[in-house]
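Bear in mind that the values here come from a model prediction, so they are computed numbers and not experimental data.
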Amino acid sequence: MCHVIVTCRSMLWTLLSIVVAFAELIAFMSADWLIGKAKPLSSEDVDSGTGGSQEPYRPTLGIYGRCTRISHMQISRRDTLCGPYAENFNEIASGFWQATAIFLAVGIMILCAVAFVSVFTMCVQSIMKKSIFNVCGLLQGIAGLFLILGLILYPAGWGCQKAISYCGHYASAYKLGDCSLGWAFYTAIGGTVLTFICAVFSAQAEIATSSDKVQEEIEEGKNLICLL
């Protein structure tokens with residue numbers, strides 16, 4: 001018989017697992033890893049008065065994508081174009097970024113799988129006499145290691161030609177040059193920290209769902225057990 005068990009700690013772990021998976025996925029897909037050096041305003045913008053009060057535009061560069069501004073025939077219209085600069089894996093700008101993409105992708109896939117499974121832990125707490133919470137916590141720890149490897153290798157690719165075109169000639173491995181770090185990089189770091197927090201907290205979720213109070217309510221014949 002299926003017992004739906006909801007506790008404060010198990011629900012918090014489930015929500016954190018989902019948030020971490022989405023945060024890492026969004027960061028990976030974003031082009032805001034590096035914010036390039038400022039592009040000066042064009043003479044047409046200044047003469048027309050449309051850009052006189054605006055700051056110079058700063059393009060952004062991600063692991064496999066980028067955002068840049070393109071000008072149209074109409075001077076008053078400028079669009080920001082975002083999309084992948086690499087049509088396939090081999091076109092990613094640096095071998096280090098290729099390795100980063102692999103490690104992050106593996107880590108994110110594990111996190112997404114755990115987030116999916118975590119939703120069903122309310123009904124199923126163990127498989128083959130092994131706690132799902134403990135297994136998921138172990139997987140989250142492994143995913144965190146993959147994410148750390150990816151984030152360590154990423155700055156090593158700052159010396160590639162693509163990064164230099166955005167960050168200037170002073171850019172090199174682990175040196176930003178004229179660039180600054182974008183929100184996606186910080187989000188990936190924050191998500192990695194939360195991944196390990198989730199891995200540790202999974203043990204608390206397992207303890208909460210197997211507590212004496214839960215067992216007492218199961219013995220009383222209750223199918224829905226909510227201990228908040």
Side-chain angles (χ1 to χ4, degrees), residues 19-46 48-72 74-108 111 144 146-195:
V19 168
V20 165
F22 273 104
E24 289 290 348
L25 181 61
I26 292 173
F28 178 72
M29 297 175 62
S30 173
D32 291 331
W33 285 70
L34 285 179
I35 301 176
K37 61 181 181 180
K39 301 291 185 181
L41 295 171
S42 64
S43 58
E44 291 85 355
D45 289 333
V46 176
S48 65
T50 60
S53 61
Q54 298 180 1
E55 295 182 357
Y57 175 72
R58 302 190 70 178
T60 60
L61 179 65
I63 298 173
Y64 63 89
R66 54 90 181 96
C67 284
T68 187
R69 178 170 291 182
I70 57 174
S71 299
H72 294 268
Q74 300 90 347
I75 295 175
S76 61
R77 182 187 174 192
R78 293 190 307 274
D79 289 340
T80 300
L81 178 65
C82 294
Y85 67 81
E87 295 183 358
N88 55 64
F89 180 78
N90 292 329
E91 292 184 1
I92 293 178
S94 168
F96 290 109
W97 287 4
Q98 291 176 352
T100 296
I102 292 174
F103 285 125
L104 292 185
V106 172
I108 291 170
L111 290 179
F146 278 109
L147 296 176
I148 287 177
L149 288 173
L151 292 174
I152 290 175
L153 289 174
Y154 172 70
W158 291 347
C160 69
Q161 190 59 44
K162 190 75 173 179
I164 291 175
S165 66
Y166 276 72
C167 304
H169 294 289
Y170 293 104
S172 61
Y174 297 96
K175 292 184 180 180
L176 282 171
D178 296 327
C179 283
S180 59
L181 294 172
W183 65 265
F185 182 79
Y186 292 113
T187 300
I189 292 177
T192 302
V193 174
L194 286 177
T195 296

- Listed partners of A188 passing side chain to side chain contact (heavy atoms under 4.5 Å, CB included), at least two apart: E24, A27, W33, L151

- Message: Set out, in order, the CA-CA distance, both residues' side-chain angles and the distance that settles side-chain contact (heavy atoms from CB on, under 4.5 Å) for C167 and L176, then state yes or no.
- Response: CA-CA 7 Å; C167 304; L176 282 171; 5.6 Å; no

Over all atoms of both residues, closest heavy-atom pair of [X] and [Y]:
X: A99; Y: L153; value: CB-CD1, 3.7 Å
X: D178; Y: K37; value: CB-CB, 3.5 Å
X: P59; Y: Y166; value: CB-CE2, 3.7 Å
X: S30; Y: W183; value: OG-CZ2, 3.3 Å
X: G157; Y: S94; value: CA-OG, 3.6 Å
X: R66; Y: L61; value: CB-CD1, 4.0 Å

Any side-chain heavy atom of [X] sitting closer than 4.5 Å to one from [Y]?
X: W158; Y: L34; value: yes
X: E91; Y: Y64; value: no
X: K175; Y: Y170; value: no
X: L104; Y: I63; value: yes

Do side-chain atoms of [X] reach the backbone of [Y] as a donor and acceptor pair under 3.5 angstrom?
X: R58; Y: G36; answer: yes
X: W97; Y: Y154; answer: yes
X: T60; Y: D32; answer: no
X: T195; Y: G191; answer: yes

- Begin with the C-alpha distance, continue with both residues' side-chain angles, and end with the deciding distance and a verdict on side-chain contact (heavy atoms from CB on, under 4.5 Å) for I102 and F89. CA-CA 10 Å; I102 292 174; F89 180 78; 3.7 Å; yes

- Message: Run Y85 and I92 through side-chain contact (heavy atoms from CB on, under 4.5 Å) and show every step you take.
- Response: CA-CA 8 Å; Y85 67 81; I92 293 178; 4.0 Å; yes

- Task: Decide if the gap between the ring center of Y174 and the ring center of F96 is smaller than 6.0 angstrom.
- Result: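 They do not qualify: ring centres at least 6.0 Å apart.
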
- Message: Nearest 0.5 angstrom please: I189 CD1 to L194 CG, how far?
- Response: 12.0 Å

